[in-house]
Amino acid sequence: MELIDKYFPGLTELQRQQFSALYGLYADWNAKINVVSRKDFDQLYLRHVLHSLAIAKVCTFDAGARILDVGCGGGFPSVPLAILFPEAHFTAADSIRKKITVVGGVAAGLGLRNLDPRCVRVETLQERYDYVVSRAVTAMPEFVRWIWAKIGKGQKGSLPNGILYLKGGDLAEELAQTGMRWYIYDIPRFFGEEFFETKKVVYTPKK
């Protein structure tokens, strides 16, 4: 929790309670369904929660904004973001049922009413969203093909609607293959821990 307080000092008491509860909830669920690697579970707040919240350092979401988390796994980045932005609505989508079971259980345990876990392939979703977030789920050209038509134009946050994607390493070639303009935000600009040394948030607007 110290990490969250360090970088997000203005949390409400409810948000602090929800962030504090994450460790116990994930520990309970992970004992039944392994969705967070056991070797780095002790680093849950650094490697999963804070990493997810790097998106919030790039873009804040307005009340009523609709955000789709593609390939959400155990609920990252959508669960931490849903705590931070309680007036925005998050859809956490993954095609693997056991992962969505965990996300639903964690959301229920936290009392998160703004997060909708969905066991679905994102290509089949009919809804439109303001932002799409994800964490290294596939190569960017394929990812864009999956979701680009599902993003509506406009601006429901501090940046125009678009994709916010957590990724690491050298991305130049992969992003160039999309033929789109990308903005790269190095996470060490926001967080000083060594874990984030090569990690980035990449963003492109829906124009």
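The residues of the chain are indexed from 1 along the displayed sequence. Treat the numbers as computed from the prediction; the structure is a model and nothing was measured.
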Judged by atom type as modelled, is there a donor-acceptor pair below 3.5 Å linking the side chain of Tyr185 to the main-chain atoms of Lys57?
no

Minimal heavy-atom distance between Met1 and Ser20, with the atoms involved, is CG-OG, 3.2 Å

Taking every heavy atom of Phe143 against every heavy atom of Ile163, the minimum-distance pair comes out as CE2-CG2, 3.9 Å

OH (Tyr165) and OG1 (Thr204) are apart, to the nearest 0.5 Å, by 13.5 Å

Test your reading of the model: is there a side-chain donor-acceptor pair from Lys150 to the backbone of Leu125, 3.5 Å cut-off?
yes

(request) May I ask you to check whether Tyr26 and Phe76 place their ring centres under 6.0 Å from each other? (result) yes

side-chain contact (heavy atoms from CB on, under 4.5 Å) test vs Val144 passes for just one of Thr138, Val132, Thr178, namely Thr178

- Taking the six-membered ring for Trp and the single ring otherwise, decide whether the centroids of Phe190 and Tyr7 are under 6.0 Å apart. no

Task: Gln15 side chain vs Ile83 backbone, donor-acceptor pair below 3.5 Å - done: yes

CD1 (Ile33) and CZ (Arg97) are apart, to the nearest 0.5 Å, by 11.0 Å

Between Asn114 and Ala82, the two heavy atoms sitting closest are ND2-O, 3.1 Å

Just by distance, do the side chain of Asn30 and the backbone of Arg38 share a donor-acceptor pair under 3.5 Å? no

* Short side-chain to backbone donor-acceptor contact, Lys99 and Val35, under 3.5 Å -> no

- Message: If we ignore hydrogens and angles and just use 3.5 Å, is the side chain of Glu123 paired with the main-chain N or O of Trp146 as donor and acceptor?
- Response: no

Of all heavy-atom pairs linking Leu46 and Phe195, the shortest is CD2-CB, 3.8 Å

Using modelled atom types and a 3.5 Å cut-off, is there a donor and acceptor pairing between side-chain atoms of Arg128 and backbone atoms of Ala149? yes

Could you check whether any side-chain N or O of Asp94 sits under 3.5 Å from a backbone N or O of Val70, counting only pairs where one atom can act as donor and the other as acceptor? no

To the nearest 0.5 Å, atom CZ of Arg47 lies from atom NZ of Lys39 at 6.5 Å

Between Ala92 and Val103, the two heavy atoms sitting closest are CB-CG1, 4.1 Å

Item checked: Carboxylate-amine/guanidinium proximity below 4.0 Å for Lys6 and Glu193 -> yes

One should read off an interatomic distance between Ile67 CD1 and His89 NE2, to the nearest 0.5 angstrom, of 9.0 Å

CE (Met180) and CE (Met140) are apart, to the nearest 0.5 Å, by 8.5 Å

Notebook entry, point to check: Between Lys200 and Thr198, is there a donor-acceptor pair closer than 3.5 Å when you use the side chain of the first and the backbone of the second?
Noted result: yes

Exercise. Please step through ring pair (Phe, Tyr, Trp, His ring centres under 6.0 Å) for the pair Tyr131 and Phe90, ending with a clear verdict.
Key: CA-CA 10 Å; Tyr131 300 92; Phe90 293 81; 9.8 Å; no

Taking the side chain as every heavy atom from C-beta outward, state whether Asp42 and Asp40 have any pair of such atoms under 4.5 Å apart.
no

Taking Gln126 for its side chain and Thr124 for its backbone only, find out whether a donor-acceptor pair lies under 3.5 Å. yes

Check whether any side-chain heavy atom of Lys207 sits under 4.5 Å from a side-chain heavy atom of Pro160, and report yes or no.
no

Query - Distance-only side-chain donor-acceptor flag, Tyr23 / Asp28, under 3.5 Å - result: no

Residues pairing under side-chain hydrogen bond (donor to acceptor under 3.5 Å, both in side chains) where one sits in residues 60-76, two or more places apart or in two chains, turn out to be Thr60-Ser158, Arg66-Asp130, Asp69-Ser78

*Check whether any side-chain heavy atom of Phe19 lies under 4.5 Å from a side-chain heavy atom of Leu110, and answer yes or no.*
no

